[in-house]
Amino acid sequence: QVQLMQSGAEVRKPGASVNISCKALGYMFTSYYVHWVRQAPGQGLQWMGMINPSGGSTDYAQQFQGRVTMTSDTSTSTVYMELRRLRSEDTAVYYCARGTDGYNFDYWGQGTLGTVSS
Amino acid sequence: DIQMTQSPSFVSSSIGDRVTITCQASQGFYNWLAWYQQKPGKAPKLLIYAASTLQSGVPSRFSGSGSGTEFTLTISSLQPEDVATYFCQQATIFPPTFGGGTKVEIK
């Protein structure tokens, strides 16, 4: 069955970078975009960007431009999301999600807690 | 960006009650509106897409309607397992945006 398996929780200091992985299982990896959505503690959902694993093209939300990079590795069916110059407001659960029919997200990873603290 | 506004932000209803959640968009679009259910500590789950199409496996007590700028999610008979936060999301115009969420609890 379709699964998205994310890497484990991370703790970083302000100014550092974090790299979270998302491994796709159970479907043709290159046939679907993968999106990243984050959720700060007790808050709503914020879309960060997306990658087309077939070719690696990306689109990022304006507020993350210059700080985020999404990449894909077709040999391992894994997508990566790197967020740089971290600040305390970046503390959140980061989710990867499979995109279908526009921007519908039909399968989600389990989430990765990223904590930014000095 | 399209702003999505949900109301109410909190609902407390009895088992078997009908629950309706509204989502209003800052500008109109056709019907590419999705609803997600999120239980505490879990990832969101797609319930409805294209405003009214039930995702496979979702109970039929959930339904969606609307177009343009006004959309609704209805739970026809609230069940204990429906306790969750529900989010709407416009799924057609870049960038995709979410509503602030509606927390549903049992009275």
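By convention in this document, chain letters (A, B, ...) are assigned in the order of the sequence lines, proteins followed by strands, and residues within each chain are numbered from 1.
For B:Phe87 against A:Gly44, the heavy-atom pair with the smallest separation is CE2-CA, 3.8 Å. When all heavy atoms are compared, the tightest approach of B:Phe98 to A:Gln46 is CD1-N, 4.5 Å. Scanning both residues, B:Ala43 and A:Gly109, for their nearest heavy atoms gives CB-O, 3.3 Å. Of all non-hydrogen atoms in B:Lys42 and A:Tyr95, the two that sit nearest each other are O-OH, 3.3 Å.
Among B:Pro96, B:Pro95, B:Gly99, B:Ser56, the residue with the largest count of heavy-atom pairs under 4.5 Å with chain A is B:Pro96. Chain A forms the most heavy-atom pairs under 4.5 Å with one residue out of B:Pro44, B:Gly100, B:Gly41, and that residue is B:Pro44. For the set A:Gln62, A:Met50, A:Gln39, the entry with the most heavy-atom pairs within less than 4.5 Å of chain B is A:Gln39.
A:Tyr107 contributes atom OH, which lies 10.5 Å from atom NZ of B:Lys45 (distance to the nearest 0.5 angstrom). One finds the CG atom of A:Leu45 at 9.0 Å from the CD atom of B:Gln89 (value rounded to the nearest 0.5 Å). B:Phe94 contributes atom CZ, which lies 4.5 Å from atom CG of A:Asp59 (distance to the nearest 0.5 angstrom). Between the OH atom in B:Tyr36 and the CG atom in A:Asn104 there is a gap of 5.0 Å [rounded to 0.5 Å].
Ring centroid separation for the pair B:Trp32 and A:Tyr103 does not come in under the 6.0 Å cut-off.
At a 4.5 Å heavy-atom cutoff, A:Val93 makes no contact with chain B through either its backbone or its side chain. Heavy atoms closer than 4.5 Å to chain B are found in both the backbone and the side chain of A:Phe105. Only the backbone of A:Tyr60 comes within contact range of chain B, with heavy atoms under 4.5 Å apart.
Using a 4.5 Å cut-off between side-chain heavy atoms of Ile, Leu, Val, Met, Phe, Trp and Tyr, with links allowed through other members, B:Phe71 and B:Ile48 fall into the same hydrophobic cluster. Cluster annotation: B:Leu33 is connected to B:Ile93 through the hydrophobic network of ILVMFWY side chains, with a link wherever side-chain heavy atoms come within less than 4.5 Å. B:Tyr49 and B:Phe62 are members of different hydrophobic clusters when ILVMFWY side chains are connected at heavy-atom separations under 4.5 Å. Residue B:Val83 is grouped with residue B:Val19 when hydrophobic side chains (ILVMFWY) are merged at heavy-atom distances under 4.5 angstrom, including chains of intermediate members. By the criterion of side-chain heavy atoms lying less than 4.5 angstrom apart, applied directly or through intervening Ile, Leu, Val, Met, Phe, Trp or Tyr residues, B:Leu73 is grouped together with B:Val11 in one hydrophobic cluster.
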